[in-house]
Amino acid sequence: MPLPIKRIRKTTVDNALSALILTSEVTKEIADVMQFPPAQAAAGVLLLVFETIQKIQSNREGCYRLARRCLSMLVDIRDHMSGRWDTAPPSLLKAVSKFEACLESIHKFMQQEAEQKWGSRLIRKNAIETAMKQHHVDLDDAARSFQIATLINIHLAVEDSSSQAKTPEATSSPSGTPSGEEVTREATLPPYPLEQQVVISDVQALCTSPIPESTTTDSFSNIDTMSAISSLSGEYELITSDVGEEELRITEHHGFNQYHQSQFRMKGKSRIKSGWWAGGIEGDIDGRKSLMLQYDGDRVHAMKHWMRDVKMLQNLYHPNLPQMVGYSNEETPTPFILLANVQTRLPQALLLDAIKNSSLAECAKILLRFYQDTLDAALYIQRQRNLTDNKLQDYVEHADFRIDAEQTVVMGLPPPEIDRMHSFRNFGLAESIRGIYLRLLPNRGYAREPLDTAEETTTLERRLKINHLAVLARALLPDSDNLDVVKQRLQNVLSVTEDDDDEEAGEIELTLRQIRKAAFAAGAHQQAWFKNTVPPHKFAVGDLGYMPEGSSDWADFVVCCNILKDLHATIETTAATTGRQGMWTNRTYERQTLAPFELPGDIQGWPVVVPAESEFDMYIVHENMTARVNQAWDYLLDSGRALAKQHGVKPENLILVTRVGTEQRFKVRDLRQIQYYSAAMGMHRQPMHQMHHPAHFQRQPYTPPSFGHNPFGGTTYSNGMPRVPIPYQDLTPKVFYLFTSGDKKFQSRFSLTPMPTLLAEGEDPPRLDPNSAKCFAYMTDVFGFLDYVQLHAEDFAV
């Protein structure tokens with residue numbers, strides 16, 4: 001279960017926004033824009049937008065980015081039109097008015113959201129995110145309006161100048177010139193060339209959109225533009241769907257070489273069929289081994305995918321990320337990239353090989369190293385690409401991992417669709433990475449007991465190692481939202497593998513005992529084995545024993561001693577009691593939590609409210625447990641060898657019980673049956689005798705409660721008319737009490753009084769009288785369950 005979030009103070013967009021407002025930078029820029037009359041209204045609305053953002057607690061970063069885009073557009077308008085407002089064309093003034101309407105819509109949206117309560121905003125989170133994206137689209141539309149208006153004005157100005165340059169030829173000869181000779185006159189302006197290229201150097205995009213291309217380009221598919229997300233990813237560009245092949249070129253090579261496909265000497269094709277590494281071809285380029293990844297399919301789509309990966313890899317230098325050595329040149333028909341990661345295999349293959357041939361400690365070390373390297377690579381990508389936490393988790397969860405020849409995990413690039421995906425989680429990066437490596441295990445990280453009797457396809461030793469590794473992985477791989485805690489825990493556990501006194505000594509052999517001890521010191525290793533069906537009241541917390549050889553029935557469990565009572569071990573214990581009530585209603589099974597009241601003698605009382613014609617179940621759980629399970633693991637690790645020798649068993653066969661409990665199930669059924677008026681009578685008429693009674697003597701029609709009534713019936717007739725109960729029925733809910741305890745000597749029972757009656761030894765408890773309670777109430781089942789710790793033979797290896 002993810003731990004509570006603990007945030008570290010750092011420079012954020014919220015702090016930057018407060019600083020900007022305090023220093024009046026935004027106010028100053030808006031005041032400068034207000035000097036230009038056509039933009040005064042828009043600037044005033046934008047100032048109100050910035051004031052509203054100060055009241056917003058959630059999504060402030062997105063609102064701030066949206067407002068800064070608006071301010072950037074206004075500043076660009078001011079810079080381009082300074083001193084020219086008197087001659088501004090009507091089309092430009094119309095575009096300013098459109099931009100002003102867009103600002104008013106944004107201000108209205110932010111004002112409404114700022115007035116909403118936190119809970120309402122949480123429920124409408126997806127709608128708010130969609131509205132924010134739509135406002136970005138509106139700003140893109142307004143920005144293009146300015147561009148289109150400017151281009152139209154330039155085109156009209158060029159046509160006017162060319163039409164004025166054409167003058168009529170002379171029809172008469174000048175004096176002194178023979179009439180038979182033609183005289184030609186040169187025009188004052190050169191003729192307008194047919195293929196003239198007008199280069200506009202002072203017209204640029206007013207702003208760029210930080211939202212994905214799929215949101216902004218669909219409505220403007222016939223406009224040939226390219227938008228750069230400078231605020232999020234620096235030099236990484238989004239390519240619109242109608243970009244020509246001549247624009248899909250790499251202009252900045254950053255020292256990487258370009259190759260033609262003929263320069264690559266192929267040696268063999270990879271067997272990878274899916275993912276980012278699929279279709280790789282092994283070979284040589286310039287005398288060194290390389291892996292070629294080709295981008296097949298539609299030419300434009302493949303080129304866009306290729307450009308995206310090349311630009312990412314040009315700026316990523318990390319040992320756990322793909323190492324690009326070059327890429328295809330412009331003459332290559334099928335684009336490709338060349339990687340230094342040649343011979344790779346799946347992490348599952350390496351882990352299964354380690355389970356087969358290596359120790360349990362080595363397997364745990366591999367998982368820890370994979371986890372640490374993946375976390376380091378993910379944080380590096382976040383810094384390089386300025387990714388949000390959710391986007392980083394998208395990258396990690398959709399990446400393809402490989403193991404290179406040096407046994408190093410390499411995280412491939414995610415598919416391009418991830419750049420356009422928006423997701424939200426209630427857990428952090430550590431939980432995402434932890435889930436990736438838990439799923440690598442054959443049992444996907446789930447193991448109830450050391451030996452799974454349902455899985456018999458592998459050997460006993462292999463099953464023991466896999467299940468112990470699953471528990472170790474859940475204990476060692478952190479899942480905290482606080483990355484500082486995650487890094488510290490990894491450092492504490494992995495520090496035992498290095499010799500700090502002698503650098504030449506390198507890594508020392510890691511034992512399973514050292515790993516567990518490091519986990520205990522870090523406060524981890526709270527997992528335990530679990531058995532959900534055992535004889536009730538047979539076990540106690542602290543019981544130490546073993547299962548007879550060849551037996552898997554917990555009824556045969558041999559208790560050697562209780563370490564808390566007999567050996568006085570210092571392990572803290574705690575107790576808990578919970579209750580639930582469930583019933584069928586409207587064809588669904590609904591549950592609600594019950595609250596008990598405490599009575600002397602460790603007895604819990606449960607009020608039972610039974611509406612008329614209801615039927616439900618009650619589930620009461622009593623349990624005792626150790627407060628910290630790692631204390632039991634540590635005790636068994638330290639004392640297991642001596643205790644096993646004392647009782648004549650192997651230390652890996654010793655079992656220490658850490659939690660015991662019982663679940664008691666009760667059935668409650670009301671015996672009353674509600675009588676309704678027939679459908680023919682309807683609900684608009686009442687019996688004649690009822691009209692003669694005063695109002696305060698008339699019973700109101702019974703209203704069924706929200707829980708515990710009418711599990712299978714309906715409240716209407718077949719014609720849709722509501723069913724009305726006949727008055728003067730005893731429809732009041734019946735109230736009595738249930739008393740339970742975790743003590744096996746106490747007999748659970750129902751009573752009409754809130755205090756249980758004292759019973760003599762051997763006396764049966766009185767049953768609930770159905771004539772008085774108008775219902776049946778009795779116990780149906782009682783189950784026992786327990787948690788325990790049991791070590792592996794490798795824990796006790798010398």
Side-chain angles (χ1 to χ4, degrees), residues 1 3 360 364 367 434 438 441 443-453 463-479 489 493 512-513 515-536 538-547 552 554 557 559-564 569-576 578 621-640 643-644 651-663 742 783-796:
M1 177 176 187
L3 300 177
L360 188 58
L367 285 176
R434 183 175 184 256
L438 286 178
L441 297 173
N443 54 11
R444 301 184 67 83
Y446 293 99
R448 288 179 174 267
E449 297 184 80
L451 186 59
D452 188 0
T453 56
R463 281 182 283 163
L464 281 173
K465 184 179 289 187
I466 291 174
N467 289 343
H468 274 277
L469 183 58
V471 171
L472 268 177
R474 290 191 172 273
L476 298 176
L477 302 184
D479 59 354
R489 181 181 297 181
V493 175
L512 186 57
R513 180 185 180 88
I515 292 179
R516 292 197 194 271
K517 285 291 186 180
F520 299 156
H525 216 309
Q526 300 294 338
Q527 287 70 22
W529 307 111
F530 176 70
K531 186 66 177 178
N532 59 352
T533 53
V534 297
K538 176 179 176 62
F539 304 94
V541 175
D543 282 350
L544 180 71
Y546 60 91
M547 297 290 292
S552 59
W554 281 84
F557 182 78
V559 179
C560 299
C561 64
N562 188 286
I563 64 171
L564 300 180
T570 56
I571 297 179
E572 182 182 357
T573 61
T574 183
T578 57
V621 176
H622 296 271
E623 55 184 338
N624 295 314
M625 70 202 81
T626 57
R628 290 183 295 174
V629 182
N630 55 8
Q631 289 182 337
W633 285 102
D634 196 14
Y635 179 87
L636 193 59
L637 188 63
D638 291 337
S639 308
L643 292 172
E652 63 268 22
N653 291 337
L654 283 179
I655 294 175
L656 177 59
V657 179
T658 60
R659 183 177 75 121
V660 297
T662 58
E663 178 180 326
F783 302 95
F785 59 88
L786 60 80
D787 289 359
Y788 63 97
V789 297
Q790 184 178 4
L791 295 170
H792 192 267
E794 189 178 330
D795 287 290
F796 302 100

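In what follows, residues are counted from 1 in the order of the sequence shown.
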Item to complete: Test L636 against every option in L654, I655, D795, T658 by the side-chain contact (heavy atoms from CB on, under 4.5 Å) rule and name the one that passes.
Response: L654
Response to the item:
So CD1 of I466 and CG of L451: to nearest 0.5 Å the spacing works out to 11.5 Å
Worksheet item: Heavy-atom distance under 4.5 Å between the side chains of M625 and T574, does that happen here?
Response: yes
Response to the item:
Between L367 and A473, the two heavy atoms sitting closest are CD1-CB, 3.9 Å
Fill in: Donor-acceptor contact present, side-chain E652 to main-chain Q790, <3.5 Å
no
Worksheet, complete the sentence: Separation between CG (N624) and OG1 (T662), nearest 0.5 Å, reads 9.0 Å
Practice prompt. Indicate yes or no: at least one non-hydrogen side-chain atom of W554 is less than 4.5 angstrom from one of F539.
Written response: yes
Discussion item. I'd like to check the side-chain contact (heavy atoms from CB on, under 4.5 Å) partners of A540; sequence neighbours left out, ordered by chain and number.
Written reply: D543, N562
Fill in: Counterpart residues, side-chain contact (heavy atoms from CB on, under 4.5 Å), relative to Q527 (two or more places apart)
R434, V471, R474, A475
Practice prompt. Would you please name every residue forming a ring pair (Phe, Tyr, Trp, His ring centres under 6.0 Å) with H468, sequence neighbours left out?
Written response: W529, H792
Item to complete: Over 60° means perpendicular and under 30° means parallel, so classify the ring planes of F520 and H525, tilted if in between.
Response: tilted
Discussion item. Is the shortest side-chain heavy-atom distance between L472 and R516 below 4.5 Å?
Written reply: yes
Worksheet item: Got a sec, which residues hit side chain to side chain donor-acceptor pair (under 3.5 Å) with D638, two or more places apart in sequence or on another chain?
Response: R513, K517
Worksheet item: Rounded to the nearest 0.5 Å, what separation is found between the CD1 atom of I571 and the CG atom of L564?
Response: 6.0 Å
Worksheet entry | Test log, rule side-chain contact (heavy atoms from CB on, under 4.5 Å), inputs E449 and F530 | CA-CA 6 Å; E449 297 184 80; F530 176 70; over 6 Å; no
Discussion item. List the residues meeting ring pair (Phe, Tyr, Trp, His ring centres under 6.0 Å) with F785, not counting sequence neighbours, and say none if there are none.
Written reply: none
Worksheet item: Can you tell if the side chain of V629 reaches within under 4.5 Å of the side chain of D787, non-hydrogen atoms only?
Response: no
Discussion item. In the structure I gave you, are the side-chain heavy atoms of C561 and L544 within less than 4.5 Å of one another anywhere?
Written reply: yes
Worksheet item: Roughly how far, to the nearest 0.5 Å, is CG of L656 from SG of C560?
Response: 11.0 Å
Worksheet item: With sequence neighbours excluded, what pairs up with F796 under the side-chain contact (heavy atoms from CB on, under 4.5 Å) test?
Response: R641, P651, L791
Discussion item. Around atom OH of Y635, are there more than 12 heavy atoms from other residues, nucleotides or ligands closer than 6.0 Å?
Written reply: yes
Practice prompt. Determine the minimum heavy-atom distance between M547 and S552, stating which atoms define it.
Written response: CE-C, 3.6 Å
Discussion item. So which atom in A524 and which in N630 form the shortest heavy-atom distance, rounded to 0.1 Å?
Written reply: O-ND2, 3.2 Å
Worksheet item: Does some side-chain heavy atom of L360 sit less than 4.5 Å from a side-chain heavy atom of L469?
Response: yes
Response to the item:
Rounded to the nearest 0.5 angstrom, the CG-CD distance for N532 and E663 is 10.0 Å
Fill in: Heavy-atom pair of closest approach, residues A519 and L476
CB-CD2, 3.5 Å
Worksheet item: What is the minimum heavy-atom distance between P450 and Y788, and which atoms define it?
Response: CD-OH, 3.2 Å
Worksheet item: Is E572 salt-bridged to R628, cutoff N-O under 4.0 Å?
Response: no
Worksheet item: Atom OG1 of T626 and atom CZ of R659: how far apart are they, to the nearest 0.5 Å?
Response: 9.5 Å
